[in-house]
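We count ligands from 1, going down the list as the structure has it; atoms in each ligand are counted the same way. As the structure is a prediction and not an experimental result, all values here were calculated from the model.
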Amino acid sequence: MFARRIAVIGSGYVGLTTGACLASLGHRVVCADIDAAKIARLRRGEVDILEPGLPELVVENQVAGRLEFVVGAREAISRPDGQPVEVVFLCVPTPMGEGGAADLRAVQAVAAEIRHLLPSGCVVVNKSTVPVGTADATLRLLNRRDVAVVSNPEFLREGTAVHDFLHPDRIVVGCDAQDAAERVAALYSKLGAPTVLTDAASAEMVKYAANCFLAMKLSYVNALAELCDLLGADVGDVTEGMGYDKRIGQSFLKPGPGWGGSCLPKDTNALVQVAAAAGRELPLVSASIATNERQRALMVDKIRDAVGGDLAGRRIGLLGLTFKAGTDDLRDSPALGVAALLVAEGAELSGYDPGCPAAVPGVTDDVRVVDEPMLAAKDAAALVVLTEWPEFRSLDWSAIGGVMDNRTVVDTRNLLDPDILRRAGISWVGVGRR
Ligand code: UDX
């Protein structure tokens, strides 16, 4: 494998993981960000996102001289040693904009900034999730015949991003110029992953297609769980029975308070918008989004029932605020969605999350964040598990029951062992469980 000279523009979650992992594969990587304070911290080896293995990788590769951090895209591309950058990764945010469509202003701004700086023959790689056609649009913006734009979507899950990067299920690279796609695919050759080489539009589509499929799978499971509740079936047994079918698989079948995070909500909305722009509806995906919103309301119904039918003035304890376990990310967290609905009905909330210390301000106005599960449980009319942090399983449930006003736990993740709670004198309500 050739060690390539790579610039990564945007040192957020995706950019930093990409840069550090590419450096660990032997490439020379410069990561840039417009946030000078963040770059200063990264130079000191301080990583401000919770991602196992990433801080170690950042330090190791800086020490080995394969990874540098600079302020601004210009600095990353115009290298002082005069060696031309061969590949530029765009890893800037593409948040949900007006009406659910992806907001591409950051991609456009970087393209405008770097267009005159790119060395001839360089490849620009779009890693951000962008609508089909963005590679073409970026190429037009760059207006350079001697530069190719490649789509190479990331499939990194938060909390396991380093592992996912280094052990990918697949690599997808798309470009209308095949040689540029092959050059990008070669960056990953050490990983030995199945590689799909295709055109830019298809590569861009893969990311939406995969994330929307996952969201549909989860909404389907959540809808099944609701039916199980009504019909007296057990969703755990149902999904296990389904999952042994190899065409379905066991993963991504756990019901919960709905799916969230920085990707699935944004990407489902974006695909619906992309379809609308092409004059089509996408009812499967739209229904999955609607089912997901309803799921939060269904969880509130369960909590209201558990406290006797009225939430006004009731103290509710929350276990978990992040959108899933193993992260400190609160973006589009279903836990916070449920919290907002509870507050709208007059409940008073205290919440504990291992990823969100109480001292960090501005988590949410809806919840008083505390540093102990016991403090969340104190005087609560119900305690609600909203994120599947494994440590919640081994809490001292007798002690927790002892400080609650009403010994009831609503477990929206089916995380806890109902027998342990029963022995602690706590009544347990799950989702779709017998
Ligand atoms: C997702 C995709 O998995 C990843 O490939 C893509 O690159 C980015 O989006 P991430 O946002 O980190 O990754 O979260 P993921 O682990 O996929 O979970 C998404 C949501 O679904 C979370 O709210 C999670 O709690 C929920 N979920 C997941 C369930 O409710 N049940 C499950 O069985 C799995």
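Of all atoms in ligand 1, numbered sequentially from 1 with element shown, those under 4.0 Å from a heavy atom of Leu218 are 21 (O), 26 (C), 27 (N), 28 (C), 29 (C), 31 (N), 32 (C), 33 (O), 34 (C). Of all atoms in ligand 1, numbered sequentially from 1 with element shown, those under 4.0 Å from a heavy atom of Glu158 are 12 (O). Close approach to Leu264 involves these atoms of ligand 1, each under 4.0 Å from a residue heavy atom: 19 (C).
Residue-level proximity to ligand 1 for Arg413 is carried by the side chain, the only part with a heavy atom below 4.0 angstrom. In Lys207, the part holding a heavy atom less than 4.0 Å from any atom of ligand 1 is the side chain. Only the backbone of Leu253 comes within contact range of ligand 1, with a heavy atom under 4.0 Å; no side-chain atom does.
Classification of Lys207 and Glu154 as a salt-bridged pair holds, one side-chain N sitting under 4.0 Å from a carboxylate O. Taking 4.0 Å as the cut-off between side-chain N and carboxylate O, Arg304 and Glu345 count as a salt-bridged pair. Between Arg41 and Glu46 there is no salt bridge, since no side-chain nitrogen of the basic residue lies less than 4.0 Å from a carboxylate oxygen of the acidic one. Using a 4.0 Å cut-off between charged side-chain N and carboxylate O, Arg393 and Asp417 make no salt bridge. For Lys302 and Glu226, the salt-bridge test fails: no basic side-chain N is under 4.0 Å from an acidic carboxylate O. Salt bridge status for Asp237 with Arg434: present, with a side-chain N to carboxylate O gap under 4.0 Å.
Ring pair Phe89/Tyr188 is perpendicular by interplanar angle, where above 60° counts as perpendicular and below 30° as parallel.
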Let's go through Trp428 and Arg422 carefully: what are the C-alpha distance in whole Å and the side-chain angles of both, what is the deciding distance for side-chain contact (heavy atoms from CB on, under 4.5 Å) to 0.1 Å, and is it a yes or a no?
CA-CA 7 Å; Trp428 178 88; Arg422 202 170 301 125; over 6 Å; no

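Cation-pi contact between Arg170 and Phe155: present, with separation from the ring centre below 6.0 Å and deviation from the ring axis of at most 45°.
In terms of protein heavy-atom proximity, atom 5 (O) of ligand 1 is nearest to Phe155 O, 3.5 Å. Summary of contacts: the protein heavy atom closest to atom 17 (O) of ligand 1 is Phe252 CZ, 3.1 Å. The closest protein non-hydrogen atom to atom 2 (C) of ligand 1 is Asn211 OD1, 3.7 Å. The shortest contact between atom 3 (O) of ligand 1 and any protein heavy atom is with Arg157 CG, 3.4 Å. Of all protein heavy atoms, the one lying nearest to atom 33 (O) of ligand 1 is Lys254 N, 2.9 Å.
Polar contact with ligand 1: absent for Pro334 (N/O pair, distance under 3.5 Å). Considering both main-chain and side-chain atoms, Leu156 comes within under 3.5 Å of ligand 1 through a nitrogen or oxygen pair. At least one N/O-N/O distance between Lys324 and ligand 1 falls below 3.5 Å. Residue-to-ligand polar distances keep Ser262 apart from ligand 1: every N/O pair is separated by 3.5 Å or more. For the pair Phe323 and ligand 1, the shortest N or O to N or O distance falls below 3.5 Å.
The environment of Lys38 atom NZ is dense: over 12 non-hydrogen atoms of other residues, nucleotides or ligands sit within 6.0 angstrom.
Atom 8 (C) of ligand 1 has its nearest heavy-atom neighbour, among Gly260, Ala335, Cys263, Pro265, in Cys263.
Only one option out of Val147, Ile9, Val110, Val184 pairs with Val124 in a side-chain contact (heavy atoms from CB on, under 4.5 Å); it is Val147.
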